[in-house]
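To keep things clear, I will list the structure first and then write my remarks on it.
Because the structure is predicted, anything quoted here is derived from the model rather than measured.
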Amino acid sequence: MKLNSLKLTYFKNYDALEANFSSGINCLVGKNGMGKTNLLDALHYLSMTRSALNTVDGQNIQHGESFFAINSVFEVADQELRINCYFEQGKKKVLKVNGKEVDKLSDHIGRLPSVLITPDDTEIIKEGSEVRRKFFDSVIAQHDRSYLEALIQMQRLLKQRNSFLKQNDGKLNINRQLLDVYDEGLLPLFQQIAKRRQAFIEEFTPYFIKNYAQIFEGKETPSIRYRSDVVSEDFELQFKEVFQKDILLQRTTKGAHRDDYVFALNDRAVKKFGSQGQQKSFVIALKLAEYDYLKTLKGLSPLLLLDDIFDKLDDERIHRLVSLLTDEERFSQIFITDARKERSEAFFEGKANVQFYEIHDGQLK
């Protein structure tokens, strides 16, 4: 898969940008605040139908304007795909593929698989379980339509159940019949989602371990463990036993929305004991494993979007990473941002199929 051309109109700090890109490594260099990350975010929109940085579409419109447009031409399996995303303030977002509007935005997810690595990704390790679930849900959703649909349905029912509990205002005298209706819908969804997550981790872990070893040569053994009450044989009983707690707390306290993933190096929690470099290496390995996993399952190379990837890595790890990224058999089109042009030029010196673009105030040179 390859992005041939991109046109941005009033997207963030871009008035009007038209660009064609290399089929290999595209290095976007320039000072901070010039629009490098915004360009990657536009590509994320085309893949995932939303911003990776700001979930409020209206806040991605350039100040003083009423809309933004992202127009592109991709080459996928020898076919040309024109993907256009348009959002006008106060109206619904429109996504078109070869001129035809997509009915449900969720139907587009997975058509153009992508992997984005940003400096904030260490939050996957440092923050709460919701961030880890969101990451892994995104990976699974890009290739498993039934999982994405189950996830959307679970979130909808959870929202309704929690709203009902809040309306009850903590009173134990509750309409159990209506609560049972929500529970009958949620329980099979919890089990379907937990079962898929458990199977996914077993599939994904070998990709992850291989990538960590390629980035960091040492005696560290990384691991990922899926943790969920839902996989317990008596989960349904557990779920029903906490209904009074749910009523008092006015939220659903058990279910697949409470699952977590435990990250470790040599059986020690990365969050607590991992150094800054180890944590960043762990996250990069997760993301490159996502790339390999999606490429294997979908049979095409995702877009690889790397934002400020070299920050907080020592030179040895950067050299090893560059060696990986310049493997043309493994990777296809890559977009990398760097505030230090001379650094990227030095690390990619003598490497084939690398193109540099300077960005200044929303202009590409």
Check: [Y] and [X] side chains under 4.5 Å, non-hydrogen atoms:
{"X": "Glu220", "Y": "Val270", "answer": "no"}
{"X": "Phe347", "Y": "Leu321", "answer": "no"}
{"X": "Ile224", "Y": "Leu286", "answer": "yes"}
{"X": "Ser47", "Y": "Leu303", "answer": "no"}
{"X": "Leu95", "Y": "Asn84", "answer": "no"}
{"X": "His108", "Y": "Leu112", "answer": "yes"}
{"X": "Phe335", "Y": "Leu304", "answer": "no"}
{"X": "Asp183", "Y": "Leu179", "answer": "yes"}

Verify the distance criterion only: is there a donor paired with an acceptor across the side chains of [X] and [Y] at less than 3.5 Å?
{"X": "Asn54", "Y": "Gln59", "result": "yes"}
{"X": "Ser72", "Y": "Arg82", "result": "no"}
{"X": "Glu88", "Y": "Tyr86", "result": "yes"}
{"X": "Asn211", "Y": "Asp292", "result": "yes"}
{"X": "Asp229", "Y": "Gln238", "result": "no"}
{"X": "Asp307", "Y": "Thr37", "result": "yes"}
{"X": "Asn38", "Y": "Tyr14", "result": "no"}
{"X": "Arg340", "Y": "Ser344", "result": "no"}
{"X": "Asp120", "Y": "Thr122", "result": "no"}
{"X": "Arg330", "Y": "Tyr291", "result": "no"}

Just wondering, more than 12 heavy atoms not from [X] lying within 6.0 Å of its [atom1]?
{"X": "Lys7", "atom1": "NZ", "result": "no"}
{"X": "Asp103", "atom1": "CG", "result": "no"}
{"X": "Asp267", "atom1": "CG", "result": "no"}
{"X": "Glu316", "atom1": "CD", "result": "no"}
{"X": "Glu349", "atom1": "CD", "result": "no"}

Let me see the working for Val322 and His319 under side-chain contact (heavy atoms from CB on, under 4.5 Å), right down to the final yes or no. CA-CA 5 Å; Val322 167; His319 277 296; 5.8 Å; no
Within the distance-only criterion (no hydrogens, no angle test), does the side chain of [X] pair as donor or acceptor with the backbone N or O of [Y] below 3.5 angstrom?
{"X": "Ser275", "Y": "Gln278", "answer": "yes"}
{"X": "Arg251", "Y": "Ser163", "answer": "no"}
{"X": "Lys36", "Y": "Lys31", "answer": "yes"}
{"X": "Gln355", "Y": "Cys27", "answer": "no"}
{"X": "Thr205", "Y": "Glu202", "answer": "no"}
{"X": "His360", "Y": "Met34", "answer": "no"}
{"X": "Asp314", "Y": "Arg317", "answer": "yes"}

Going hydrophobic residue to hydrophobic residue with side-chain gaps under 4.5 angstrom, can you get from [X] over to [Y]?
{"X": "Leu157", "Y": "Val181", "value": "no"}
{"X": "Tyr45", "Y": "Ile109", "value": "no"}
{"X": "Val73", "Y": "Leu305", "value": "no"}
{"X": "Leu6", "Y": "Val94", "value": "no"}
{"X": "Leu40", "Y": "Met1", "value": "yes"}

Calculate, to the nearest 0.5 Å, the distance between atoms [atom1] and [atom2] belonging to [X] and [Y] respectively.
{"X": "Gln333", "Y": "Asn353", "atom1": "CD", "atom2": "CG", "result": "9.5 Å"}
{"X": "Ile124", "Y": "Thr118", "atom1": "CD1", "atom2": "OG1", "result": "8.0 Å"}
{"X": "Ser23", "Y": "Leu3", "atom1": "OG", "atom2": "CG", "result": "11.5 Å"}

Mind running side-chain contact (heavy atoms from CB on, under 4.5 Å) on Ile334 and Leu306 for me, showing each step along the way? CA-CA 8 Å; Ile334 300 174; Leu306 310 176; 3.9 Å; yes
Students often mix this up, so state it plainly: with edges at 30° and 60°, are the rings of Phe208 and Phe204 parallel, tilted or perpendicular? parallel
Which of these passes side-chain contact (heavy atoms from CB on, under 4.5 Å) with Glu290: Ile117, Val139, Leu116? Val139
Decide yes or no on ring-ring contact (aromatic ring centres under 6.0 Å, His included) for Tyr357 and Phe21, but give the supporting numbers first. CA-CA 9 Å; Tyr357 303 85; Phe21 294 102; 5.4 Å; yes
Pair His257, Thr252 - check side-chain contact (heavy atoms from CB on, under 4.5 Å), show working. CA-CA 9 Å; His257 62 298; Thr252 306; 3.7 Å; yes
How about [X] and [Y]: are their ring centroids closer than 6.0 Å?
{"X": "Phe136", "Y": "Tyr226", "answer": "no"}
{"X": "Tyr10", "Y": "Phe68", "answer": "no"}
{"X": "Phe282", "Y": "Phe263", "answer": "yes"}

Do the charged groups of [X] and [Y] touch, with an N to O distance under 4.0 Å?
{"X": "Asp338", "Y": "Arg343", "result": "yes"}
{"X": "Glu236", "Y": "Lys240", "result": "yes"}
{"X": "Arg227", "Y": "Asp259", "result": "no"}
{"X": "Glu130", "Y": "Lys134", "result": "no"}

Less than 6.0 angstrom from the centroid, inside 45 degrees of the normal: does Arg258 satisfy that with respect to the ring of Phe190?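 No, Arg258 and Phe190 do not form such a contact.
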Validate the cation-pi geometry between Arg268 and Phe273: distance from NZ or CZ to the six-membered ring centre under 6.0 Å, angle to the ring axis within 45°.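 Positive - Arg268 is close enough to the ring of Phe273 and near enough to its axis.
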Have a look at Asp144 and tell me which of Lys298, Arg196, Arg197 forms a salt bridge (charged side-chain N to carboxylate O under 4.0 Å, His left out) with it.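 Exactly one pass, corresponding to Arg196.
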By the definition salt bridge (charged side-chain N to carboxylate O under 4.0 Å, His left out), identify the one residue from Lys93, Lys96, Lys92 that meets it with Glu101.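 Result for salt bridge (charged side-chain N to carboxylate O under 4.0 Å, His left out) with Glu101: Lys92.
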Closest contact, heavy atoms only, Arg132 versus Gly128: NH2-C, 3.4 Å
Might you point out which heavy atoms bring Asn13 and Gly362 nearest each other, and give the distance in Å? ND2-N, 3.5 Å
Yes or no on side-chain contact (heavy atoms from CB on, under 4.5 Å) for Phe11 and Leu39, after CA distance, side-chain angles and deciding distance? CA-CA 9 Å; Phe11 182 75; Leu39 195 150; over 6 Å; no
